[in-house]
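The residues of the chain are indexed from 1 along the displayed sequence.
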Amino acid sequence: VRDHALESFEHQDIPFEQLLRELDLPQDASRSPLFDVMFNMINAPIGEIVFEGLAWSRVDFDRRAAQFDLMVSVDPILTGSVVFEYATALFDRPTIVRLAEHYRRLLETLVDRASVAISRLPLMGAEEA
């Protein structure tokens, strides 16, 4: 995986539009051309952010439209947040809450059982199972 990822980084500067042309994918304005679900781990070290004489804080806003069917953004460094953004035409709030609970349970279990294969870790609690 490491070698494949490093090899892929050699092409990271290719413009998105050129990538789509090269892949020659069918165009459909109702969908994202490459993927529908994104998991974004924001873990690049940014250091301390200083603006001389100014204070800053993160501002969350509602875009009123999801960029993808489902996007999970994890920011363990700056905000310690996990954000689920989803298309409300495809998912309802209880489904996303349940998905977030599964993710939380998976992470909590990994802390205690790091050597267990991920396929063997429980997603559901006893009540839901």
Evaluate the side-chain proximity of I77 to D75: yes if any heavy-atom separation is below 4.5 Å, no if none is. yes
Non-hydrogen side-chain atoms of L25 and L34 separated by less than 4.5 Å: yes
Shared hydrophobic cluster for V72 and V97 (ILVMFWY, side-chain gaps under 4.5 Å): no
Given the rule that I, L, V, M, F, W and Y join up when any side-chain heavy atoms are under 4.5 Å apart, are V116 and I118 in one cluster? yes
How close do G125 and R105 get, counting heavy atoms only, and between which atoms? N-NE, 3.0 Å
Salt bridge flag under 4.0 Å for residues E17 and R21: no
Should the heavy atoms of other residues, nucleotides or ligands under 6.0 Å from CG of L6 be counted, would the total exceed 12? yes
Where do L123 and H102 come nearest, in terms of heavy atoms and distance? O-CD2, 3.2 Å
Taking the basic N atoms (NZ, or NE/NH1/NH2) and the acidic carboxylate oxygens, is any pair closer than 4.0 Å for R104 and E101? yes
Are F68 and M41 in one and the same hydrophobic cluster, where Ile, Leu, Val, Met, Phe, Trp and Tyr link if side-chain heavy atoms are under 4.5 Å apart? no
Check step by step if side chain to side chain contact (heavy atoms under 4.5 Å, CB included) holds for T95 and D92. CA-CA 6 Å; T95 299; D92 61 4; 2.5 Å; yes
Least distance between heavy atoms, F91 atom then D69 atom: CE1-O, 3.4 Å
Where do F84 and I96 come nearest, in terms of heavy atoms and distance? CB-CG2, 3.7 Å
Can a donor-acceptor pair be found, under 3.5 Å and without considering hydrogens, that links the side chain of E85 to the backbone of Q67? yes
Looking only at side-chain N and O atoms, does S32 offer a donor or acceptor that is under 3.5 Å from a partner on D36? no
Contact check, side chains of V74 and N40, non-hydrogen atoms, under 4.5 Å: no
With clusters defined by side-chain heavy atoms of hydrophobic residues (ILVMFWY) lying less than 4.5 Å apart, directly or transitively, does F9 cluster with L19? no
Side chain S8, main chain H4, donor-acceptor under 3.5 Å: yes
Can you tell if the side chain of R98 reaches within under 4.5 Å of the side chain of E128, non-hydrogen atoms only? yes
Between I42 and M71, is there shared hydrophobic-cluster membership here, with clusters defined by ILVMFWY side-chain heavy atoms closer than 4.5 Å? no
Using a 4.5 Å cut-off on heavy atoms from C-beta on, say whether the side chain of V82 contacts that of S73. no
Does Q27 have more than 12 heavy atoms from other residues, nucleotides or ligands lying within 6.0 Å of its CD? no
